[in-house]
Amino acid sequence: LAEFSRWLRKRGINDQKVRMVEDCGNGLGRGMIAREEINEGDLLFKVPFKWIITSDAAKKNPLIAGVLQNQNMRSMTWETMLLSLLLMLEDCQRGTLLPNCRISSQTSEWLPYLDILPRNFSS
């Protein structure tokens with residue numbers, strides 16, 4: 001979570017009002033705890049749109065741009081297809097599913113965020 005916090009700050013996202021924790025208690029898993037008093041309506045942090053994983057972010061990936069030319073992919077909604085492709089490529093780049101699957105030597109922009117996502121969840 002420290003790496004994710006550094007990733008946020010590097011992108012201009014100020015998370016100083018909260019601290020991310022591995023276990024919020026009661027089996028809830030990861031979460032945030034206030035570092036200071038927070039009043040109703042206070043902004044905890046703001047994530048610029050360019051750092052949210054969206055179909056537009058997926059379209060900017062050069063490998064996905066090539067796949068978009070494939071006619072068989074046209075039956076999926078654009079957003080579903082693009083997000084699925086982006087997450088698969090990111091996972092491949094990290095070597096999680098296939099250890100030898102390295103598409104490029106470039107480091108993922110999303111890695112610190114993806115690393116904190118749970119591998120399993122109950123809801």
Side-chain angles (χ1 to χ4, degrees):
L1 294 178
E3 180 64 28
F4 178 60
S5 189
R6 283 190 291 277
W7 180 82
L8 291 172
R9 286 191 298 277
K10 184 176 178 184
R11 283 149 183 81
I13 302 166
N14 183 345
D15 66 343
Q16 297 303 310
K17 290 186 177 185
V18 294
R19 178 174 54 92
M20 288 173 252
V21 294
E22 287 288 340
D23 185 5
C24 288
N26 299 326
L28 295 175
R30 294 183 179 125
M32 295 182 186
I33 296 176
R35 293 180 193 249
E36 59 188 59
E37 184 175 335
I38 297 173
N39 298 309
E40 185 175 340
D42 283 357
L43 180 66
L44 300 180
F45 58 88
K46 184 167 75 173
V47 179
F49 190 75
K50 74 182 236 173
W51 294 115
I52 298 173
I53 297 178
T54 64
S55 57
D56 286 335
K59 289 176 193 175
K60 293 177 183 176
N61 183 296
L63 294 169
I64 292 175
V67 172
L68 294 176
Q69 305 305 315
N70 185 329
Q71 293 297 319
N72 294 330
M73 302 299 275
R74 302 287 169 139
S75 63
M76 297 173 92
T77 66
W78 280 107
E79 286 76 18
T80 301
M81 178 183 62
L82 290 170
L83 293 173
S84 298
L85 286 169
L86 179 63
L87 292 171
M88 287 188 304
L89 286 168
E90 291 290 338
D91 201 55
C92 183
Q93 182 63 22
R94 292 167 54 221
T96 305
L97 292 177
L98 301 169
N100 295 323
C101 178
R102 289 284 185 220
I103 296 167
S104 74
S105 60
Q106 184 178 6
T107 302
S108 166
E109 282 290 327
W110 305 107
L111 184 61
Y113 170 67
L114 296 173
D115 278 345
I116 69 162
L117 294 176
R119 297 289 175 229
N120 299 301
F121 53 92
S122 60
S123 60

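Side-chain atoms are counted along with the backbone in the values below, which use heavy atoms only and exclude waters and symmetry mates.
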Distance in Å, L114 CG paired with L86 CG, rounded so as to fall on 0.5 Å steps: 8.0 Å

From CG (L44) to NZ (K17), nearest 0.5 Å: 7.0 Å

Atom pair CH2/CG of W7 and D15 - distance to nearest 0.5 Å: 11.0 Å

hydrophobic_cluster_shared for I33 and I38, side chain cutoff 4.5 Å: no

Over 12 foreign heavy atoms within 6.0 Å of CZ, F4: yes

Heavy-atom check, side chain of R9 versus side chain of Q16, under 4.5 Å: yes

4.5 Å side-chain heavy-atom contact, M32 and M20: yes

Joint hydrophobic cluster, L43 plus W51, side-chain heavy atoms closer than 4.5 Å: no

F45 side, atom CZ; L8 side, atom CG - distance, nearest 0.5 Å: 7.0 Å

Residue E36 excluded, over 12 heavy atoms near CD under 6.0 Å: yes

